[in-house]
Amino acid sequence: MRVETNFAAATQGFEPPALGEPYLLTPGPLTTAYAVKQAMLRDWGSWDGDFRAMTAELRGRLLALTGDAAGEFDCVPMQGSGSFCVEAMLGSFVPKDGKVLVLANGAYGLRAAQTMQYLGRAYTLIDKGDYLPPRGDEVAAALDADPAITHVIAIHCETSSGILNPVAEISEAVYAKGRKLLVDSMSAFGAIPLDVNEIRYEAMVSSANKCIEGVPGFGFVIARKSELQAAKGNSHSLALDVHAQWAAMEKTGQWRFTPPTHVVAAFLEALRIHEAEDGVEGRGARYARNRDVMVAGMRELGFETLLSARWLSPIIVTFFCPAHEKFVFSRFYDLMKAKGFIIYPGKLTVVDSFRVGCIGRMDEHVMRRVVDAAGQSLREMGVDTAAPPRVALDERAKLAG
Ligand SMILES: *Cc1c(COP(=O)(O)O)cnc(C)c1O
């Protein structure tokens with residue numbers, strides 16, 4: 001499908017995607033900088049010193065984002081998508097006789113529970129439904145009730161609703177009860193601080209194609225070295241063994257199996273751009289502006305967000321579908337795409353919704369155009385207000401209550 005849009009007029013400072021290429025308002029893969037794509041135009045030998053230096057730089061730069069001045073942590077990149085790394089983390093750090101408390105409030109929390117099932121290791125689940133945050137006091141109560149629990153896994157930003165979960169509060173509860181915390185920070189790391197001096201955890205995972213704005217192909221585990229040491233022999237899987245990957249990388253500087261060389265080269269360029277943008281703080285501030293401009297404009301059209309301001313992340317925002325009888329999501333999607341914007345379907349079970357991502361190579365000027373495109377698309381559908389149905393607002397009231 002050809003997209004007839006004059007992208008260049010609307011972006012100030014940021015290069016637009018190539019002509020005909022829409023912005024991806026999705027939580028990864030996402031719109032990347034031209035320099036990131038360009039970095040892939042060269043082949044690298046995986047054993048060669050140049051590529052080993054790139055791997056070392058990548059690990060060092062990622063570690064620096066955690067504030068680990070004492071050198072207590074290390075970074076282990078792993079081939080595959082984010083879920084491969086979540087599985088690698090759970091399988092490597094949870095001993096075979098351990099037990100995990102999974103905190104779920106959306107698809108990714110439930111996926112962590114499903115992973116435990118595949119691993120055949122003990123777990124228990126707190127499922128808060130579509131979007132309510134797991135709170136410190138309920139974590140503490142669950143840990144008191146079950147002394148067999150050794151680890152807790154929390155989702156930093158639950159990308160299915162866009163909720164920013166209270167990891168600091170959860171961490172305090174976990175360590176007050178003498179247990180260990182693992183964090184899925186896939187869609188938050190790089191834009192929302194997860195400083196080891198502020199929030200205690202043993203290990204976290206993220207991937208190349210989220211807030212660092214690389215292309216998909218690998219993820220990474222950042223873990224306490226003592227945990228990496230102790231993980232020897234835990235893993236159920238050869239390819240997903242974080243200890244083995246770490247030990248080999250420490251010894252040879254290489255990945256154990258074929259690395260995604262081009263993706264690594266692109267990611268290094270993305271990390272340099274991230275640094276030039278003032279790191280986590282600058283990246284987070286741009287995403288927050290993207291969210292604020294986009295949400296304010298969408299509200300003017302009558303759209304309502306699922307979450308109240310307190311839980312709204314700068315990563316992705318869930319909107320209720322309008323109640324208007326002429327609103328059809330698939331048509332809205334096509335009209336938005338024709339204007340150069342790919343949006344994301346919702347994942348709520350009770351009411352219809354859709355999502356708009358705030359991450360990727362775009363700024364508030366682009367977000368204003370997203371709002372204009374949404375208004376124009378509604379007019380083309382004959383929808384004069386985007387106000388949600390009563391049932392949606394009743395759902396939301398439960399959040400406040
Ligand atoms: C993206 C994401 C994942 C990983 O998904 P993949 O499709 O395997 O990359 C895991 N957890 C969260 C919270 C995510 O946003």
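No hydrogens, no waters, no symmetry mates; every other heavy atom, side chains included, goes into these values. Ligands are counted one by one from 1 in listed order, and the atoms in each one are counted from 1 as well. Nothing fancy with the numbering, it's 1 onward along the sequence.
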Atom indices of ligand 1, in the order listed, that fall short of 4.0 Å to a heavy atom of Cys157: 13 (C)
Ligand 1 atoms in contact with Ser187 (distance to a heavy atom under 4.0 Å): 15 (O)
Given that the side chain starts at C-beta and the backbone is N, CA, C, O, which of these parts of [X] lies under 4.0 Å from ligand 1, counting heavy atoms, or is it both or neither?
{"X": "Lys210", "value": "side chain"}
{"X": "Arg111", "value": "side chain"}
{"X": "Ile155", "value": "side chain"}

Residue, atom name and distance, where the atom is the protein heavy atom closest to atom 6 (P) of ligand 1: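 Protein heavy atom with the smallest distance to atom 6 (P) of ligand 1: Ser81 OG, 3.5 Å.
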Is a salt bridge present between [X] and [Y], judged by a nitrogen-to-oxygen distance below 4.0 Å?
{"X": "Arg59", "Y": "Glu250", "result": "yes"}
{"X": "Glu275", "Y": "Arg272", "result": "no"}
{"X": "Glu158", "Y": "Lys128", "result": "no"}
{"X": "Glu213", "Y": "Arg286", "result": "yes"}

Under 3.5 Å side-chain donor-acceptor pair for Lys37 and Thr32: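 Lys37 vs Thr32: donor-acceptor pair found between side chains.
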Parallel, tilted or perpendicular, as decided by the 30° and 60° cut-offs, for the rings of Phe327 and Phe332: tilted
Geometric class of the Tyr23/Phe341 ring pair [parallel <30°, tilted 30-60°, perpendicular >60°]: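 Plane angle under 30°, so parallel.
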[X] versus ligand 1: do any nitrogen or oxygen atoms come within less than 3.5 Å of each other?
{"X": "Thr159", "value": "yes"}
{"X": "Gly82", "value": "yes"}
{"X": "Ser83", "value": "yes"}
{"X": "Asp184", "value": "yes"}

